[in-house]
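Scroll down for the structure; my scribbles are underneath it.
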Amino acid sequence: MAVSDAGRADWRYGRILPLASRSRAFGRAASALVAWSELRRDPERAAVATGRIASALGVSPGAALGIYRDALRSEAREEADAAWFMAHEDRIPAAFARSGARLDPGPAILATLHFGSPVLGFLHLSRLPGARLAIVARPLDDSNPMPRAKREWARRKVAWTERVSGRSFLSIDPGSVARARAHLLDGGRLFTPVDVPGDVSARRARVRLFGGVAEVSGGIEILSRLTRSAIQPLVTYPRGNGFAFWYGRRIEPGEGVEPLAEAFAELEGIVRERPGEWWMWPYLDLRPNGRVGAENAAGPGHGPNS
């Protein structure tokens with residue numbers, strides 16, 4: 001008998017993650033099981049993802065399927081690691097002791113991906129001296145199409161992240177966007193994923209990616225231009241029992257600079273290097289051609305991930 005999406009979410013978030021909070025070894029093993037389950041659950045999504053991977057990276061269908069399985073496992077491992085560190089938060093500094101974390105001087109937008117371990121990376125960076133780092137994310141209200149069990153888990157994770165970092169999440173409503181702008185103008189930093197698909201955003205931008213064109217949320221470009229803040233591409237990924245940071249070229253604002261396009265040019269490099277850490281293969285459409293640039297790129301009231 002087929003198991004419903006709600007039933008799978010209950011299994012993943014109600015049974016697996018509580019056990020992962022007790023053992024990182026269990027969490028890693030369970031992540032492989034979750035990846036296998038997700039592959040079987042949605043063969044259509046797997047076909048879309050493997051087709052995009054094969055085209056983007058020039059690999060065989062079999063290799064593309066392996067990369068997609070790794071991406072599913074990466075996302076599940078991030079959840080398992082978060083569950084474990086939520087129960088053992090005193091272990092976070094040791095896990096990042098050799099991570100290569102740094103924050104360059106000045107206001108900046110830390111542009112990351114749904115890749116590796118973004119939330120744990122944010123937590124570590126937020127605790128560095130003088131960080132003044134705020135995170136921007138899509139709200140977890142009833143408009144977010146997550147199953148109930150996943151949404152409840154995500155809300156607990158957000159509450160924990162806010163407590164440990166000492167900062168509330170910034171959402172995508174006009175008030176949050178105004179606070180994000182003021183934070184940057186006051187010399188602070190923002191941390192946000194930039195690979196949010198454009199179809200959930202009122203402000204969109206087209207960027208070149210893997211030889212094609214992807215439509216993403218364009219709010220980050222607006223904030224960068226309005227506040228003249230640099231964009232720093234970076235990702236966090238697991239390395240052994242700990243984590244490491246990768247940094248791309250810092251993109252300073254200026255005449256003729258296309259900050260979001262240049263950020264994606266940097267980020268493409270790390271996705272090519274570690275494609276099994278990027279979770280967005282099924283969700284970010286890569287079209288073979290088309291113009292690039294922003295749509296509806298002016299006007300108040302829209303945020304980076306709106």
If hydrophobic clusters are built by linking Ile, Leu, Val, Met, Phe, Trp and Tyr wherever their side-chain heavy atoms come under 4.5 Å apart, do W278 and V34 end up in the same one? no
Is a side-chain N or O of R127 found less than 3.5 angstrom from the main chain of S165, in a donor-acceptor match? no
Short question: side chain of S60, backbone of A63 - any donor-acceptor pair under 3.5 Å? yes
Hey, could you give me the CG/CG distance between L103 and L125, rounded to the nearest 0.5 Å? 5.0 Å
Is there a continuous path of hydrophobic side-chain contacts, each under 4.5 Å between heavy atoms, that joins Y13 to V119? no
Backbone N/O of R102 and side chain of Y247: donor-acceptor pair under 3.5 Å: yes
Any residue meeting ring-ring contact (aromatic ring centres under 6.0 Å, His included) with F210, in chain and number order, not counting sequence neighbours: W281
Looking at E44, I'd like to know if its CD atom is crowded, meaning that more than 12 non-hydrogen atoms belonging to other residues, nucleotides or ligands lie closer than 6.0 Å. no
Residues at least two apart in sequence or cross-chain that pass ring-ring contact (aromatic ring centres under 6.0 Å, His included) with W84, listed by chain then number, are H88
For R98, I'd like to know if atom CZ has over 12 heavy atoms of other residues, nucleotides or ligands within 6.0 Å. no
Parallel, tilted or perpendicular: which fits the ring planes of F243 and F96, with parallel below 30° and perpendicular above 60°? parallel
Above 12 or not: heavy atoms from other molecules or residues under 6.0 Å from CD of E258? no
Using a 3.5 Å distance criterion without hydrogens, assess whether the side chain of S21 forms a donor-acceptor pair with backbone atoms of P18. yes
Can you check side chain to side chain contact (heavy atoms under 4.5 Å, CB included) on W160 and L123, steps first, answer last? CA-CA 10 Å; W160 174 73; L123 276 179; 3.3 Å; yes
Could you verify whether a donor N or O on one side chain and an acceptor N or O on the other, from S74 and E277, lie under 3.5 Å apart? yes
Check for me, please, whether L267 and L286 land in the same ILVMFWY cluster - side-chain distances under 4.5 Å, paths through other members count. yes
Just do the side chain to side chain contact (heavy atoms under 4.5 Å, CB included) check on L234 and F191 with the steps written out, would you? CA-CA 10 Å; L234 65 83; F191 181 99; 4.0 Å; yes
Can you tell me how far apart CZ (R77) and CD (E75) are? Round to the nearest 0.5 Å. 14.0 Å
V194 pairs by side chain to side chain contact (heavy atoms under 4.5 Å, CB included) with which of I231, L260, I109? L260
Output all residues satisfying side-chain hydrogen bond (donor to acceptor under 3.5 Å, both in side chains) with R22, sequence neighbours left out; order by chain, then residue number. none
Treating T161 as the side-chain partner and K157 as the backbone partner, does any N or O pair qualify as donor plus acceptor under 3.5 Å? yes
Under 4.5 Å between side-chain heavy atoms, hopping through other hydrophobics if needed: is there a path connecting L33 to F26? yes
Over 60° means perpendicular and under 30° means parallel, so tell me whether W279 and H114 are parallel, tilted or perpendicular. tilted
Taking the side chain from S31 and the backbone from G27, do they hold a donor-acceptor pair closer than 3.5 Å? yes
Using distance alone, with no hydrogens and no angle criterion, decide if S176 and R179 have a side-chain donor and acceptor under 3.5 Å apart. yes
May I ask you to check whether W153 and E79 show a side-chain donor-acceptor distance below 3.5 Å? no
Under 6.0 Å from the CZ atom of R15, do we count more than 12 heavy atoms belonging to anything else shown? no
With the 4.5 Å side-chain cut-off for hydrophobic clustering, are F85 and I16 part of the same group? no
When you look at CZ of R163, are more than 12 heavy atoms from neighbouring residues, nucleotides or ligands closer to it than 6.0 Å? yes
